[in-house]
Amino acid sequence: MIKVITYGTFDLFHEGHYRILQRAKALGDYLIVGVTTESYDKNRGKLGVIDSLATRMENVKNTGFADEIIIEEYVGQKVLDVQRHNVDIFAIGSDWVGKFDYLKEYCKVVYLERTKNISSTDLRKIKYPVQRVGIIGNGRIANRFVVEAKFVSGANVQNVYNPRLESAGRFADKWELTAFDDLEKFYAATDLVYIASPHETHYEYIKSALEHKKHVLCEKPMVLKKSQAEELFDYAQKNNLILFEGIKTAYCPGFNKLLGIARSGKIGNIRNIEACFTKLENKNHRELTDLNFGGSFLELGSYVVFPMLKLFGTNFKNISFETTTADNGLDIFTKVSMSFPAGLATATCGLGVKSEGRLLISGTEGYIVVAPPWWKTTEFEIHYEDPNIVEKYNENFFGDGLRYELSDMLYLINGIEKNSFKLTAKDSIALAEIMEKFLAVER
Ligand code: CTP
């Protein structure tokens, strides 16, 4: 009996999938089909898959070609599967030519001609119209956003707005976008607005974008007043619009794995959290020169208080700030102490002081320590009283991470997911409240 194996995501099952399974089966007597898990696809950077694993497996089964369906969940699994199942032929589409030659040591490798003019990516575009993305504010982060957005199918960065047309024009030339200095025209050409303008302008831009019925992804800190956050989320909800705060950590796969494990009771009840994020900033940059809205906490505070809100909730009892300031009065290092009904938290951040960027979560049975940079979580460990027991976890984090927030936002816009549990309106409102309290402190 000749055994054949093939793999795929098989999202939005199409003719190309049907034909490859048909031809793979014809190569032998017994066909094994490996279908990828959501987390495997995420881990290899394939974002935007729509059908669940169960649906994708069901669709493969319905072709009648597969004698056995297995799940592909990690890199390197193919070598093991081929040996475990005594596979004679590994078959895959011609888009992968050469990529699986390493399997020739174990079986025959066949690349089958790919069916022309059809792919899951194309079908996703038909099913869910591509969101035309427009950027407001073309500073450093906006450059990174354009690069990251290219990894997300379903969104196309097309426009940039800046009241100074010359500035928008330079950015547009660099990234092949259309520049606008007229907001009305910009909104008319845009479905999803990414706001990366200075912090203090966010509120007005979000408000006007929502009023023009646009979905909004806004850089952190989204707004600097609790009442503003409440008003904006209320408006967005009433108008069926998606309003997202862009804190990349919130959407990072490793960080979400960490939250799940922390909440699972593995370290008992969580009683203390410490988070630190420092980034030595150029002294001439806005972050260290804007006397009203510069400084470490406005820049990095959203990150460092975020784990506390996710693990202890948004009902903090006390919050206090201590800062070290530069000659111009801006905080170059800030320490925030918070107390919650369940425990204590300390968040530190700095643009002018360097420290270790780690996150420590302490519980009644053990602790979790996340390796720097924890805000792009890739590795963490669980320790217990017995120092010989250490559990290690890891997860990929691609590029700058902005792709994850955009991808999650599209799931909501397209109705594939129903709620933004990773960073809720309640979380963003609490973050705005904390910013407001920080700004209210006399320095
Ligand atoms: N395939 C094919 N012809 C197509 C599309 C896919 O033969 N037109 C094959 C692939 O080469 C692979 C298998 O089907 O062997 C599963 O591919 P998958 O990545 O799931 O499908 P795509 O349509 O390529 O998905 P995407 O657009 O998300 O990359």
Side-chain angles (χ1 to χ4, degrees), residues 3-28 30-75 77-79 81-82 85 87-104 107-131 149-156 396 398 403-404 406-408 410-411 414 416:
K3 273 192 171 182
V4 184
I5 198 163
T6 190
Y7 294 85
T9 303
F10 304 105
D11 191 28
L12 302 177
F13 201 87
H14 57 68
E15 191 202 337
H17 295 146
Y18 184 90
R19 292 196 58 233
I20 198 135
L21 295 179
Q22 186 178 40
R23 286 171 294 154
K25 170 78 180 186
L27 292 172
Y30 189 86
L31 177 66
I32 304 171
V33 182
V35 183
T36 57
T37 61
E38 281 98 352
S39 77
Y40 174 67
D41 274 325
K42 241 188 189 152
N43 246 310
R44 63 181 178 140
K46 188 167 185 168
L47 305 175
V49 173
I50 288 167
D51 289 338
S52 68
L53 173 60
T55 302
R56 291 180 286 119
M57 288 173 80
E58 187 64 25
N59 288 337
V60 168
K61 183 173 169 226
N62 289 341
T63 63
F65 298 127
D67 296 287
E68 190 175 339
I69 299 176
I70 60 172
I71 292 171
E72 185 182 25
E73 50 189 338
Y74 57 90
V75 185
Q77 186 184 320
K78 291 186 179 80
V79 179
D81 286 344
V82 164
H85 296 279
V87 165
D88 301 290
I89 302 173
F90 171 89
I92 197 98
S94 52
D95 42 330
W96 295 98
V97 168
K99 290 267 172 34
F100 294 105
D101 286 358
Y102 70 89
L103 292 171
K104 284 182 180 166
C107 64
K108 193 173 163 192
V109 174
V110 176
Y111 297 101
L112 297 167
E113 184 72 25
R114 197 178 151 89
T115 306
K116 292 200 173 35
N117 303 325
I118 186 150
S119 72
S120 304
T121 307
D122 291 342
L123 291 178
R124 282 193 282 266
K125 285 182 190 158
I126 295 167
K127 196 159 178 186
Y128 301 102
V130 174
Q131 293 285 314
K150 293 189 197 301
F151 292 93
V152 182
S153 60
N156 190 22
N396 275 335
F398 286 101
R403 66 191 69 178
Y404 299 114
L406 183 58
S407 162
D408 274 21
L410 293 178
Y411 277 127
N414 293 330
I416 297 160

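Order of listing sets the numbers, starting from 1, for every ligand and every atom in it. Computed from heavy atoms alone, side chains included, the values below leave out hydrogens, waters and symmetry copies. All residue numbers in this chain count up from 1 along the given sequence.
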Check: F65 ring centre within less than 6.0 Å of Y18 ring centre = yes
With under 30° as parallel and over 60° as perpendicular, where do the rings of H14 and H17 fit, or are they tilted in between?
-> parallel
In chain-and-number order, ligand 1 lies under 4.0 Å from a heavy atom of each of G8, T9, F10, H14, G16, H17, I20, K46, I92, G93, D95, R114, T115, I118, S119, S120, T121, R124
Verify the neighbour count for atom NZ of K108: are there more than 12 heavy atoms of other residues, nucleotides or ligands below 6.0 Å?
-> no
Answer with yes or no whether the side chains of R56 and S120 bring together a donor and an acceptor at under 3.5 Å.
-> no
In terms of side-chain heavy atoms, does D101 have a donor or acceptor partner in Y111 at a distance below 3.5 Å?
-> yes
Distance under 6.0 Å and angle within 45° of the ring axis: does K78 meet both against F90?
-> no
